[in-house]
S.K.: 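Dumping the structure here so I can ask a few things about it.
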Amino acid sequence: MTTPGDTIGELYRVLQDRRTADPGASYVASLYRKGPDAILKKVGEEAAETLIAAKNPDDEALVRELADLWFHTLVLMASRDIEPQRVTGELARRFGTSGHAEKAARPQTS
């Protein structure tokens, strides 16, 4: 059995490898070829589908949608060369900090 970190790390490596794959043979390569807007659209679609699944009692459907959302989020990360360790590091940094305090300390963006 693998840990969540192992699975995410291995998937991230595969997604990076797909950057040079044939878009006709690889769904991920076709997303990369279409560009950032296509990737962002998929993340948004999967987020919406996750919200809809969360409103229903079928936990297995929610798990499937969460997997799709995580997958497409990892595609976005790989497209920007943002390694999962950066995100897990940010989460670790937040341990022991109030969510309200963490949000208030963030730089303001427009």
Side-chain angles (χ1 to χ4, degrees):
M1 182 163 207
T2 61
T3 67
D6 292 341
T7 301
I8 288 172
E10 182 59 28
L11 178 55
Y12 183 81
R13 285 186 287 282
V14 170
L15 294 174
Q16 284 189 310
D17 289 345
R18 294 293 192 270
R19 292 168 85 169
T20 58
D22 174 12
S26 167
Y27 166 73
V28 172
S30 72
L31 280 177
Y32 290 141
R33 174 70 57 88
K34 292 175 186 173
D37 286 345
I39 297 168
L40 296 172
K41 180 178 177 186
K42 283 304 297 180
V43 171
E45 288 171 1
E46 298 305 339
E49 290 171 8
T50 298
L51 294 173
I52 292 165
K55 296 288 285 178
N56 295 303
D58 184 351
D59 285 347
E60 291 307 311
L62 178 57
V63 167
R64 287 189 300 273
E65 294 304 336
L66 286 165
D68 288 345
L69 178 58
W70 285 20
F71 177 85
H72 287 90
T73 300
L74 285 166
V75 171
L76 173 61
M77 290 168 54
S79 75
R80 300 275 300 262
D81 291 320
I82 296 173
E83 295 185 359
Q85 295 85 342
R86 287 183 61 191
V87 177
T88 57
E90 175 62 16
L91 289 170
R93 183 191 66 76
R94 295 179 187 186
F95 276 124
T97 303
S98 156
H100 295 299
E102 191 282 327
K103 190 166 185 170
R106 290 183 194 172
Q108 297 298 316
T109 59
S110 49

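Throughout, residue positions are numbered sequentially from 1 according to the sequence presented.
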S.K.: For residues Y32 and I39, report the shortest heavy-atom separation together with the two atoms involved.
M.R.: CD2-CD1, 3.9 Å
S.K.: Do you know which two heavy atoms are closest between A47 and L69, and how far apart they sit?
M.R.: N-CD1, 3.7 Å
S.K.: Report yes if some heavy atom in the side chain of L31 is under 4.5 Å from a heavy atom in the side chain of H72; otherwise report no.
M.R.: yes
S.K.: Going through the checks in order, is the side-chain contact (heavy atoms from CB on, under 4.5 Å) test met by K55 and L51?
M.R.: CA-CA 7 Å; K55 296 288 285 178; L51 294 173; 5.9 Å; no
S.K.: Might you work through the side-chain contact (heavy atoms from CB on, under 4.5 Å) test for K42 and D68, ending with a clear yes or no?
M.R.: CA-CA 9 Å; K42 283 304 297 180; D68 288 345; over 6 Å; no
S.K.: How close do S26 and A21 get, counting heavy atoms only, and between which atoms?
M.R.: CB-CB, 4.1 Å
S.K.: Could you go through M77 and E83, starting from their C-alpha distance and side-chain angles, then the distance that decides it, and tell me whether this counts as side-chain contact (heavy atoms from CB on, under 4.5 Å)?
M.R.: CA-CA 7 Å; M77 290 168 54; E83 295 185 359; over 6 Å; no
S.K.: Give a yes or no on whether R80 atom CZ has more than 12 heavy-atom contacts from other residues, nucleotides or ligands under 6.0 Å away.
M.R.: no
S.K.: Would you name the heavy atoms of R19 and S79 that are closest together and state the gap between them?
M.R.: NH2-O, 3.7 Å
S.K.: Before you tell me yes or no, could you show the steps for D58 and E65 under side-chain contact (heavy atoms from CB on, under 4.5 Å), namely the whole-Å CA-CA distance, both residues' side-chain angles and the distance that decides it to 0.1 Å?
M.R.: CA-CA 11 Å; D58 184 351; E65 294 304 336; over 6 Å; no
S.K.: Please check if the number of heavy atoms outside R86 that lie under 6.0 Å from its CZ is greater than 12.
M.R.: no
S.K.: Tell me whether L76 is reachable from I82 by hopping between hydrophobic residues (I, L, V, M, F, W, Y) whose side-chain heavy atoms are closer than 4.5 Å.
M.R.: yes
S.K.: Passes salt bridge (Lys or Arg N to Asp or Glu O under 4.0 Å), E102 versus R106? Steps please.
M.R.: CA-CA 7 Å; E102 191 282 327; R106 290 183 194 172; 2.9 Å; yes
S.K.: Name the orientation class of the two ring planes belonging to F71 and Y27 (parallel below 30°, tilted from 30 to 60°, perpendicular beyond 60°).
M.R.: parallel
S.K.: Does one hydrophobic cluster hold both V14 and V75, with members joined at side-chain heavy-atom distances below 4.5 Å?
M.R.: no
S.K.: Return the minimal non-hydrogen interatomic distance between T50 and L66, and the atom names on each side.
M.R.: CG2-CD2, 3.5 Å
S.K.: Considering all heavy atoms of both residues, which atom of L62 and which atom of A53 are nearest to each other, and what is their separation?
M.R.: CA-CB, 3.9 Å
S.K.: Treating D22 as the side-chain partner and G24 as the backbone partner, does any N or O pair qualify as donor plus acceptor under 3.5 Å?
M.R.: yes
S.K.: Taking atom CZ of R33 as the centre, does the number of heavy atoms from other residues, nucleotides or ligands within less than 6.0 Å exceed 12?
M.R.: no
S.K.: Is there a chain of hydrophobic side chains (I, L, V, M, F, W, Y, each step under 4.5 Å between heavy atoms) that links I52 to V43?
M.R.: no
